[in-house]
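Read through the structure below, which is laid out as structure tokens, and then see the notes.
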Amino acid sequence: MGRCGNGIYFGRSRMTAKEYISEQLENFLKFKHIEDLDIILQKPKDTKHGDFASNLALQAARHLKKKPADIAAEIRDYITIDEQYISKIEIAGPGFLNFFAASDNLFAQLSQILEQREQFGRSDLGKGKKAQVEFVSANPTGPLTIGHGRGAVFGDTICRLLEANGYDVTREYYFNNAGRQMRVLGESVRLRYLEELGETVTFPDDHYQGNYIRDIAQTIIKKHGSALKDDPESLVFKDTAEAAIFADIKQTIKRLGFEFDVFYNEKTLYDEGRIDAVVRELNKKGLIACRENATWFLSSKLGMEQDRVFVKSSGEPTYRLPDTAYHIEKIKRGYDLIIDVFGADHIAAFPDVLAAVKALDYDVEKIKVLIHQFVTLTENGEKVKMSTRKANFITLDDLMDDVGEDVTRYFFLMRNMNAHLNFDLELARTQSDENPVFYIQYAHARICSIISLGKTKQLSPDQNANFQLLKETEELNVIKHLLSFPGIVKASAVHYEPHRLVNYLFELASLFHRFYTVCRVVTEDAELSKARLSLIDAVKTVLANGLGLLGISAPEQM
RNA sequence: GCCCCUGUAGCUCAGCUGGAUAGAGCAGAGGCUUCCUAAGCCUUGUGUCGGGAGUUCGAAUCUCUUCAGGGGUACCA
């Protein structure tokens, strides 16, 4: 309502320039009896093309059978130029309509940023709605690695973006501590335990090789001595490992800057009978069959390529069955939005699961599956293959030790999630000073420094400063970019693409640095100084708000 | 074989619902500080937007096809 995309506010009016122009264009369409044409107002790349551009004349050419340029002229004459909103309209190129916003009203909006402060950029898009985001969800077999990092940071940032848009968000971690992996983990610990007690054992290749296994064995020795030596069935090994590894994972996640609200154990689904219920209900729909002692989900009846095994002939369910039960359980909890964050290796798993959920008449439209591509790690120009089992991995903690938490988060967020992330370890380690995150943070620190200098001269930012004095191109470019922040936050959330915000902040920092070299802020001219201090205070606000949404700190000095 | 993702400057990548001369960082070359942090700014070169066809006023963006890379296609998760 109050905010609108790239909208620019005008005075006390509740309508933005964009809304005003849209309304005028709608009226034109009605006047001409043209239907099914969308009004598209773009922010032109080139500032010479105004603040908003419309291609309406080009599109309407088909309907009206006239030249686009003539229609554009007709539209221009049709529109009432209310100087509260627009200063002029130009026709350019093949028939674009370029609208120029009235500058006085840019200033009114700038003032708004200083009034809204940390609220600026937030919206109530998801007000009253509950969202649940499931991510990381690594089984507790080892420390979180760089491979998990992307999903972790991406998931948390999605949560932050949803929260900024008014959603009530639950961060959830789903795990399974009962499968084959975990049995191997327990056995790995037991063998190391025996080794540490001086026994000679053969340690199989397919067991967990990492040093952390030995550490866990040591803690067991401290607590139990050699009492478990002849008890190969003891659950102490697995349980101790699970507890230790989970503690480690939680600590890593805390360091990344967030915490999970819920750790959901897959076992719960069995205990509550939800697994059996899924099979029973699907069976009622004729979607279950037994073949060769296994229970099959007849997904081919629902248009899937092939049927899938839900329960193996051994009696053990495949992952698809509990996943189905889990999603149904989440829907029953009453969320309006359910998000799964998966790595590309899970891409094949969800269509069958969603098909099963849908077959049982649940609303799968609420479920959004976000897939992020892999992180390919390179070191010395060579790809590093990572495997938790082989202990051939770099942990997230290692990474944060090397380059810091901020750089870690930034690195994982800066690229589109459906593109592979090429993580160059050497670059992250040795050239971290050149990382763009510092460029953005430096802009923030610089502003803090200037503002404190202003204070020594009794000059402070003021939302009622005389913004009319801001006339330089560099100043106006900064202001216009600031005003598009709410739209970026919204778009980043709606499309689940945090990298849009990353790019936005980088551009803002760039525009600020340019402004800084051209315009001196603190001068003998008190009025102008105040106006510029207020401007950079607004930049600082947006930088801090934006970095906050990415979980990256905004330092006061560097 | 089939499905999904990707292919844009030497390298790493942006490019929003198709729009007006395709952008940034790094790397290369050169410059800027009597003055608010030089972790900064400015100048400079680079493109068959993987190839081909189509849709249209207009395509890096949509459709088809083809090539290349990654992932999936298990009674593993």
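Note: hydrogens, waters and symmetry copies are ignored here, and every other heavy atom, side chains too, is used. Labels below follow one simple rule: chain letters A, B, ... track the order of the sequence lines, proteins then strands, and each chain is numbered from 1. As the structure is a prediction and not an experimental result, all values here were calculated from the model.
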* Asked: How is Gln306(A) classified with respect to the nucleic acid when contacts are heavy atoms under 4.0 Å: base, sugar-phosphate, or nothing?
  -> sugar-phosphate
* To do: For A74(B), take OP1 and OP2 only and decide whether either is under 4.0 Å from a side-chain N or O of Lys312(A).
  => no
* Phosphate OP1/OP2 of C13(B) contacted by Arg415(A) side-chain N/O (<4.0 Å) -> yes
* To do: May I ask you to establish whether Arg320(A) and Phe310(A) are in a cation-pi arrangement, using a distance under 6.0 Å from NZ or CZ to the six-membered ring centre and at most 45° from the ring axis?
  => no
* State whether Arg514(A) places a side-chain N or O below 4.0 Å from either non-bridging phosphate oxygen (OP1 or OP2) of C42(B). => yes
* From NZ (Lys330(A)) to CD1 (Ile328(A)), nearest 0.5 Å -> 11.5 Å
* Asked: OP1 or OP2 of A38(B) less than 4.0 angstrom from a side-chain nitrogen or oxygen of Tyr442(A), does that happen here?
  -> yes
* Asked: Hey, is the side chain of His499(A) poking within less than 4.0 Å of OP1 or OP2 on G15(B), counting only N and O atoms?
  -> yes
* Asked: Nearest to the side chain of His420(A) - C57(B), G69(B), A38(B)?
  -> G69(B)
* Asked: Base, sugar-phosphate, or nothing for Asn416(A), non-hydrogen atoms under 4.0 angstrom?
  -> sugar-phosphate
* **Any side-chain heavy-atom pair of Tyr326(A) and Glu172(A) under 4.5 Å** => yes
* Side-chain N,O (Lys45(A)) to OP1/OP2 (A20(B)) below 4.0 Å -> yes
* Quick one: Asp345(A) CG to G70(B) C1', roughly how many Å, whole number? -> 12 Å
* Can you tell me if the side-chain N/O atoms of Tyr439(A) get under 4.0 Å from OP1 or OP2 in C41(B)? -> yes
* Could you tell me whether the phosphate oxygens of C41(B), OP1 or OP2, come under 4.0 Å of any side-chain nitrogen or oxygen in Thr517(A)? => no
* For Glu305(A), report the nucleic acid contact type (base, sugar-phosphate, nothing); a contact means any heavy atom under 4.0 Å. => sugar-phosphate
* Structure fact -> Regarding the side chain of Leu58(A), the nearest nucleotide among C13(B), A77(B), G19(B) is G19(B)
Below 3.5 Å, can you tabulate the donor-acceptor pairs from side chains in residues 502-511 of chain A to any protein atom, sequence neighbours excluded?
unit_1	atom_1	unit_2	atom_2	d
Asn503(A)	ND2	His499(A)	O	3.3
Tyr504(A)	OH	His481(A)	O	2.6
Glu507(A)	OE1	His481(A)	NE2	3.3
Ser510(A)	OG	Arg514(A)	NH2	3.2

* To do: For Asn503(A), answer base if it contacts any base atom (sugar-phosphate contacts may also be present), sugar-phosphate if it contacts only those atoms, and nothing otherwise; contact means non-hydrogen atoms under 4.0 Å.
  => sugar-phosphate
* To do: May I ask you to say what Asn418(A) touches in the nucleic acid, namely base, sugar-phosphate or nothing, with a heavy-atom cut-off under 4.0 Å?
  => sugar-phosphate
* Touch class at under 4.0 angstrom, heavy-atom based, for Asp352(A) against every strand present -> nothing
* To do: Among A77(B), C75(B), U37(B), find the nucleotide with the atom closest to the side chain of Ile450(A).
  => U37(B)
* Asked: What nucleotide among G19(B), C5(B), A14(B) has an atom nearest to a side-chain atom of Gln42(A)?
  -> G19(B)
* Asked: Crowded around Arg291(A) CZ? As in, over 12 foreign heavy atoms under 6.0 Å?
  -> yes
* To do: Identify whether any heavy atom of Thr318(A) sits under 4.0 Å from a base atom; if not, whether one sits that close to sugar-phosphate; answer base, sugar-phosphate or nothing.
  => sugar-phosphate
* Would you mind telling me which of C41(B), G19(B), A38(B) lies closest to the side-chain atoms of Tyr516(A)? => A38(B)
* Does the ring of His49(A) meet both stacking tests against the six-membered base ring of A20(B): centre distance under 5.5 Å and plane angle under 30°? -> yes
